[in-house]
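Because only heavy atoms are used, hydrogens play no part in the values below, and waters and symmetry mates are left out as well, while side chains stay in.
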Amino acid sequence: MALSKLLLASLLASVLLFHLLDAAQPANTETQGSLVQHIDCNGACTARCRLSSRPNLCHRACGTCCRRCNCVPPGTAGNHEVCPCYASLTTHGGKRKCP
């Protein structure tokens, strides 16, 4: 009888422990997600597209790429190696999507 009470008490304690650990885990992931810094895509794309012959098209494509990758290469052209995600996005035709 004492053994069954001990077994029941340990089972209850372990369930309670797992419940407490599971409840604490989402709070931890929320704080980690808030540490990611998002860049100002509008400002970065304005600088990137300032010499473009088609600034509206450039700014729209750059904004899409920036939101997906959270990165815009420096300068007005090139430097794709700085942002591998930005450089890897392509159109259906296989051309680079991001200016």
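- Taking SG of C41 as the start and CZ of R48 as the end, the distance is 13.0 Å to the nearest 0.5 Å.
- Nearest heavy-atom pair, K97 versus T91, reported as atom, atom and distance to 0.1 Å: CA-CG2, 4.0 Å.
- Here the side chain of N79 pairs a donor or acceptor atom with the backbone of P74 at under 3.5 angstrom.
- A disulfide is assigned to C58 and C49, since their SG atoms are nearer than 2.5 Å.
- In this structure, the side chain of Y86 engages the main chain of P99 through a donor-acceptor pair within 3.5 Å.
- Separation of atoms CZ (R54) and CZ (R60) is listed at 8.5 Å; rounding is to 0.5 Å.
- From S88, atom OG reaches atom CZ of R96 across 9.5 Å, with rounding to the nearest 0.5 Å.
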Worked verdict on T90 versus K95 for side-chain contact (heavy atoms from CB on, under 4.5 Å): CA-CA 5 Å; T90 57; K95 295 181 181 180; over 6 Å; no
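- Contact between N70 and H38 at its shortest, heavy atoms only, is OD1-CA, 3.4 Å.
- With rounding to the nearest 0.5 angstrom, the CZ atom of R67 is 9.5 Å from the SG atom of C62.
- The SG atoms of C69 and C85 sit under 2.5 Å apart.
- Put simply, SG on C83 and CG on L89 are 10.5 Å apart, with the number rounded to the nearest 0.5 Å.
- Between the side chain of R68 and the backbone N or O of C65 there is no donor-acceptor pair closer than 3.5 Å.
- The two atoms that bring I39 and A44 nearest to each other are CD1-CB, 4.5 Å, heavy atoms only.
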